[in-house]
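Below is one structure, written out as structure tokens; the observations come after it.
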Amino acid sequence: MFRTRFAPSPTGYMHIGNLRTALYAYLIAKKAKGVFILRIEDTDQKRNVSDALDAIYNGLALAGITYDEGPDKDGGHGPYVQSQRKAIYGQYAHQLIDQGDAYYCFCQKEDRPEPGDERDEERRDPCRNLSPAEVQDYFDQGIQPVVRQRIPLEGTSSFFDHVYGDISIENKQLDDQVLLKSDGFPTYNFANVVDDHLMAISHVIRGQEYLSSTPKYNLLYEAFGWQYPEYIHLPHIIKEDGKKLSKRAGDPTFEDLVNMGFLPAAIVNYVALLGWNPGDEREIFSMEELIEAFDMDRISKSSAAFSMDKLRWINGEHIRALSPDAFHEVALPWYGDALRGFDLQQISQLIQIRTDCLGDIPEMLAFLAELPEYDIALFENQKSKSSLESSKAILEAVIPVLEKQEDFSNAALFETLKLYAKESGNKVGTTMWPIRTALSGAPASPGGATELASLLGKEETLRRLRLGLEKLLA
RNA sequence: GCCCCUAUGGUCUAGCGGUUAGGACGCAGCCCUUUCAAGGCUAAAACCCGGGUUCGAGUCCCGGUAGGGGCACCA
């Protein structure tokens with residue numbers, strides 16, 4: 001039985017790297033018809049943010065990643081919040097001390113050498129060899145110790161990782177890491193091992209930054225006589241300039257992207273592709289398709305750069321794949337008050353294919369509510385064989401035609417204007433250009449002349465056309 | 001300082017000893033067209049460097065270089 005877990009610490013938001021870790025852990029479990037677990041790693045008392053739990057729940061729900069066991073979903077392996085498991089860690093730490101695989105350390109933080117000091121020779125802690133009497137003595141002085149892991153002086157620790165292959169590190173490179181802090185809480189280094197074992201996690205999926213600590217965790221598994229899990233360490237996600245993603249530098253979190261107008265499903269789709277590919281040339285995936293296609297042995301080793309351009313494209317593909325009704329629903333919140341009175345359904349129909357990101361909508365439609373200032377140079381367009389003169393003539397001729405037009409539906413308008421073009425000997429494009437331009441005041445618009453006219457209605461259409469003509473006559 | 005990892009176009013990637021080095025985003029051009037999109041077609045663009053191994057290396061080995069990560073009473 002595959003059992004994977006996502007184990008975030010409650011920092012208040014879900015960044016892209018976390019989202020991908022959660023997603024891969026979910027996909028690996030679901031692919032194997034296994035169980036996906038949410039565990040909260042809140043052992044750092046200084047770092048807990050209120051409401052942070054909600055951010056995790058909301059983020060996962062938004063992403064469509066559902067867990068089978070978690071803080072609010074007992075699966076018999078709880079509690080799923082590490083701060084509620086304090087007694088468990090204490091008990092296991094004492095077992096290690098009794099076995100000689102861990103020891104009390106009474107050093108103060110300041111006593112520890114800095115990296116870069118001559119720590120290669122003697123990186124072992126002075127408390128490593130304290131006699132029972134000395135330990136007792138310290139206790140009698142009321143000093144609160146930490147518990148450190150006793151790493152073997154000799155030998156090499158090796159393990160297999162599904163992404164990075166065989167990794168091997170000499171034990172002498174490993175630190176006697178702290179297992180239990182002086183406040184009695186475990187460190188991540190200890191809690192993750194105890195919890196992963198107790199929760200029967202079969203596959204550990206986490207960031208690459210844990211790769212070189214994994215031998216220490218395996219030593220712990222061995223000390224307990226536990227079997228260790230399979231490992232899947234994930235390369236980092238970086239920016240296109242090679243720097244790392246950071247909220248501080250203004251890089252968007254998952255929630256930010258959603259607020260910017262990206263579909264959660266598209267973000268999930270894109271993030272899945274950051275470091276993994278299906279082995280064929282598909283790029284657009286639903287969650288179900290991802291589950292079907294995912295293969296942990298096809299995860300790449302090198303870090304991947306997050307590309308807004310590619311996200312936009314994938315988002316556009318997801319938007320275009322929506323049914324018209326579904327698109328209308330997601331687009332609606334972006335229309336705002338300025339578009340009151342317009343046929344929003346018709347607008348949705350017009351812009352769906354042209355929308356890469358919902359956040360583009362307000363700007364794309366701004367001209368509807370208010371005609372922008374524009375230069376008459378816009379009436380000149382080579383491709384439409386449109387000049388200032390032709391535009392003036394066409395506008396002059398077309399205004400009376402449209403004044404008589406009763407049916408302002410797109411189809412009817414198009415018939416009328418096409419007929420006019422034919423009779424006047426103008427090309428359709430040449431006829432439409434000045435109309436489209438006068439109606440939008442922009443070099444490009446989400447719809448052609450008749451589509452805009454139909455949207456704007458007869459009165460406003462005529463008003464804008466006359467305005468355009470005035471500009472040309474001036 | 002010590003240790004671990006990585007390295008194919010600008011970006012994401014396929015490749016797993018013999019390929020015209022494939023695809024996608026982006027970029028440029030063309031077609032389509034009621035402007036723009038969308039769609040179709042075309043183009044430019046890559047195996048970090050140096051040694052080996054081999055008949056033959058992007059692919060295997062070693063060494064550089066560059067980048068990332070770790071060496072916390074943070075996770």
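Every heavy atom of this structure was used, including side-chain atoms; hydrogens, water molecules and symmetry mates were not. Each chain gets a letter, A, B and so on, in the order the sequences are listed, and its residues count up from 1.
- Checking the phosphate oxygens (OP1, OP2) of B:A75, a side-chain nitrogen or oxygen of A:Thr43 falls inside 4.0 Å.
- Nucleotides B:A37 and B:G70 have their C1' atoms positioned 48 Å apart, rounded to a whole Å.
- Atom pair A:Glu209:CD and B:A72:C1' shows a separation of 14 Å (rounding to whole Å applied).
- Note on A:Ile353: a base of the nucleic acid sits closer than 4.0 angstrom, heavy atoms only.
- Taking for each of A:Ser168 and A:Asn410 the nucleotide of RNA chain B with the nearest heavy atom, the 5'-most of the two is the partner of A:Ser168.
- RNA chain B lies under 4.0 Å from at least one heavy atom of each of the following residues of residues 228-250 of chain A: A:His236, A:Glu240, A:Lys244.
- Rounding to the nearest 0.5 angstrom, the gap separating the CG atom in A:Asn426 from the CD1 atom in A:Ile394 is 4.0 Å.
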Discussion item. Please encode protein proximity along nucleotides 43-49 of chain B as a string of B, S and -, counting only heavy-atom distances under 4.0 Å.
Written reply: -------

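- Distance check: A:Leu263 CG to A:Leu257 CG gives 12.0 Å after rounding to the nearest 0.5 Å.
- Separation of the C1' atoms belonging to B:G22 and B:C32 is 28 Å when rounded to the nearest angstrom.
- What you find for A:Lys385 and A:Ser390 is that their closest heavy atoms are O-OG, 4.2 Å.
- With respect to the salt-bridge test (charged N to carboxylate O, under 4.0 angstrom), the residues A:Arg320 and A:Glu317 qualify.
- Here the C1' atom of nucleotide B:C73 and the CZ atom of A:Phe106 are 14 Å apart, to the nearest Å.
- Atom CE in A:Met308 sits 5.0 Å away from atom CZ in A:Phe306 (nearest 0.5 Å).
- In this structure, A:Phe106 has its ring center under 6.0 Å from that of A:Phe139.
- Spacing between B:U8 and B:C49 at atom P, rounded to whole Å, works out to 11 Å.
- For the pair A:Arg20 and B:C12, the criterion of a side-chain N or O lying under 4.0 Å from OP1 or OP2 is not met.
- Across all non-hydrogen atoms, the minimal contact from A:Ser302 to A:Pro235 is O-CB, 3.5 Å.
- Classification of the A:Tyr231-A:Phe159 ring pair by plane angle, with boundaries at 30° and 60°, yields perpendicular.
- Taking atom C1' in both B:U19 and B:G15, one finds a spacing of 9 Å when rounded to whole Å.
- For A:Trp433 and B:U35, the ring-to-base geometry does not satisfy the stacking test (centroid distance below 5.5 Å, interplanar angle below 30°).
- At a threshold of 4.0 angstrom between heavy atoms, the contacts of A:Gly447 include nucleobase atoms, whether or not backbone atoms are also involved.
- Salt bridge present: A:Glu460 and A:Arg464 bring a charged side-chain N and a carboxylate O closer than 4.0 Å.
- Residue A:Gln208 contributes atom CD, which lies 11 Å from atom P of B:A7 at whole-angstrom precision.
- Here B:C73 presents its C1' atom at 8 Å from CZ of A:Arg148, a figure rounded to the nearest Å.
- Within the 4.5 Å cutoff, the side chain of A:Asp356 has no heavy atoms near those of the A:Ile319 side chain.
- Using a 4.0 Å heavy-atom criterion, one finds that A:Ser9 contacts the sugar-phosphate atoms exclusively.
- For the P atom pair drawn from B:U20 and B:U54, the interatomic distance equals 25 Å after rounding to whole Å.
- Rounding to the nearest 0.5 Å places NZ of A:Lys239 at 12.5 Å from CD1 of A:Ile16.
- Within the 4.0 Å cut-off from OP1 or OP2 of B:A14, at least one side-chain nitrogen or oxygen of A:Asn277 is found.
- A salt bridge between A:Asp360 and A:Arg354 is absent, with no side-chain N of the basic residue lying under 4.0 Å from a carboxylate O of the acidic one.
- Residue A:Thr437 is out of contact with every strand shown, counting any heavy-atom pair closer than 4.0 Å.
- The cationic group of A:Lys471 lies under 6.0 Å from the six-membered ring centre of A:Tyr374 and within 45° of the ring axis, placing it in a cation-pi geometry.
- Within 4.0 Å of A:Val428, counting heavy atoms only, lie sugar-phosphate atoms of the nucleic acid but no base atom.
- In this structure, A:Lys181 reaches the B:C74 phosphate: one of its side-chain N or O atoms is under 4.0 Å from OP1 or OP2.
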Worksheet entry | Summary of protein contacts for nucleotides 19-29 of chain B, nucleotide by nucleotide, where a base hit scores B, a sugar-phosphate-only hit scores S (4.0 Å, heavy atoms) | ---SSBSS---

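- Considering only the side chain of A:Tyr164, B:U6 comes nearest among B:U35, B:C73, B:U6.
- B:C16 and B:U35: their C1' atoms are spaced 49 Å apart (whole Å).
- Within the structure, every side-chain polar atom (N or O) of A:Arg298 is placed at least 4.0 Å from both OP1 and OP2 of B:U13.
- Comparing the same atom, P, in B:G39 and in B:G26 gives a spacing of 9 Å after rounding to whole Å.
- Here A:Glu317 lies in heavy-atom contact (under 4.0 Å) with sugar-phosphate atoms only.
- Spacing between B:G67 and B:A28 at atom C1', rounded to whole Å, works out to 31 Å.
- Between the side chain of A:Arg354 and the base of B:U35, at least one donor-acceptor pair of N or O atoms lies under 3.5 Å.
- If you check every strand for non-hydrogen atoms under 4.0 Å, A:Phe306 touches nothing.
- When each of A:Ile167 and A:Ser213 is assigned the nucleotide of RNA chain B with its nearest heavy atom, A:Ile167 is the one assigned upstream, toward the 5' end.
- The base of B:U35 does not come close enough to the side chain of A:Ser384 for any donor and acceptor atom to sit less than 3.5 Å apart.
- Taking side-chain N and O atoms only, A:Lys216 has no distance below 4.0 Å to OP1 or OP2 of B:A72.
- Closest approach of A:His328 and A:Ser348 over heavy atoms only: ND1-OG, 2.5 Å.
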